[in-house]
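Remarks on the structure that follows.
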Amino acid sequence: MDTRTLLEWSAKHHTPNYGSRAPICLVRGEGVRVWDSDGREYLDFGSGIAVTSLGHCHPRVTGAIQEAAATLLHVSNLYHSPPQIHLAKLLTEHSFADRVFFANSGAEANEAAIKIARKYARETWSDDRFEIVATKNSFHGRTMATVTATGQEKYQHGFEPLLPGFKHVPYNDLNAMELAIDNRTAAVLVEPIQGEGGVHVPSDPYLAGLRTLCDEAGALLIFDEIQTGVGRTGRLWCYEHWGVEPDIMTLAKALANGVPIGAMLTREEIASVFTAGTHGSTFGGTPFVASVALATLTTMIDEKIPERAAQMGGYLMERLGRLPSLGVPVKEVRGKGLLIGIELDGPAGPVVDACREAGLLVLSAGDRVLRLAPPLIVTETDCHRALETVVTALKKVRT
Ligand SMILES: *Cc1c(COP(=O)(O)O)cnc(C)c1O
């Protein structure tokens, strides 16, 4: 099938919500590289959207997929299955949490977090304690509850009425948060670094300040680590950078290196309100996906992949930081580990396109931010090449 026909069929048969897809068909991947249907090679500095952190077709991940597919693909949560048990145990041994609920996506993990926070607040305090305070410019997903939690109107427009019981305050503003929290607040929901909203890293006291405000008010603190988690920022969990533990954490994107999964992790006391029958999922944590996540997470931990992310991120940030003084049109470089945002003085779209045409896949985050999120196994040589391509693209788009 030739590429042109494929693209025509895509335009004809899909709902048009991904109208701005790049005009290429990707057919194969290996490590940090992918190939399109015309045989062109690209350096993948998006990892999907911060998903394939171990790179494409990592042997341990592929091995787990093959073995699980030939052993037991699916059983429902009416039964126990070993991979799911091992995965929950591993996640709790390596995080603040005592218990895990498995879902299939980030939005679903956040749904579970919102539901458990509301139920906990209701049972611990009162029936009118159900509010979730989230932040402006955040991203938490596309389901009705999570799009309501998302602090960006562009994702909500046309889908009203939104859910009651959500408030938004500016990110990285402890005063605004203090004013918003009261005895109706069930939980505060934040990304430890805002991803989709433009890669915004909070100032150092922010997360600790949120922890204190929540403790004083009896509200729960939820960290959405769907993008920042599983090594992306140079630590296994982003909250480790500031030593601030949440009550609830959500994961998804990189957790099974590309196989769809979501997880909601929490402490014993909070987990206890999810009593038998209160929540569930048909697909959540099947033996297949749990095996793949287990292979992904063990590889991350065994091979100290987060440390690599910190190293490579440091290298990239240092080089990118020099660009403004070299006359390259860059306003600011932000991020941690291998979640990097480059704020431009104009739209990011044309730069993303120019990079792709030069063989480099990168992301945007918001209108004016170029986002780099390569696989965490990326080498210095790859980073060097990507930097050169980005600089050339920036200069080309500018002139
Ligand atoms: C991607 C993302 C989500 C939504 O995940 P889906 O799997 O697309 O539902 C939620 N929160 C954050 C921070 C994300 O980056």
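Both counts, for ligands and for their atoms, begin at 1 and track the order of listing. Bear in mind the structure is a predicted one, so any value in this text is a computation, not a measurement.
R99 and T266 form no side-chain donor-acceptor contact under 3.5 Å, judged by distance and modelled atom types alone. Side chains of T5 and E8: a donor-acceptor N/O pair is absent below 3.5 angstrom, by distance only. With no hydrogens or angles considered, no side-chain donor-acceptor pair links Q194 and N172 at under 3.5 Å.
Using a cutoff of 4.0 Å between basic side-chain nitrogens and carboxylate oxygens, R211 and D247 are scored as salt-bridged.
Closest heavy-atom contact between G229 and L251: CA-CD2, 4.3 Å.
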For a distance cut-off of 3.5 Å, show me each N or O of ligand 1 paired with any protein N or O, plus the separation.
| unit_1 | atom_1 | unit_2 | atom_2 | d |
| --- | --- | --- | --- | --- |
| ligand 1 | 7 (O) | G106 | N | 2.8 |
| ligand 1 | 9 (O) | G106 | N | 3.4 |
| ligand 1 | 9 (O) | A107 | N | 2.8 |
| ligand 1 | 11 (N) | F139 | O | 3.3 |
| ligand 1 | 11 (N) | D224 | OD1 | 3.4 |
| ligand 1 | 11 (N) | D224 | OD2 | 2.7 |
| ligand 1 | 15 (O) | Q227 | NE2 | 2.8 |
| ligand 1 | 15 (O) | K253 | NZ | 2.6 |

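For E269, the side-chain hydrogen bond (donor to acceptor under 3.5 Å, both in side chains) partners at least two apart in sequence or on another chain are Y120.
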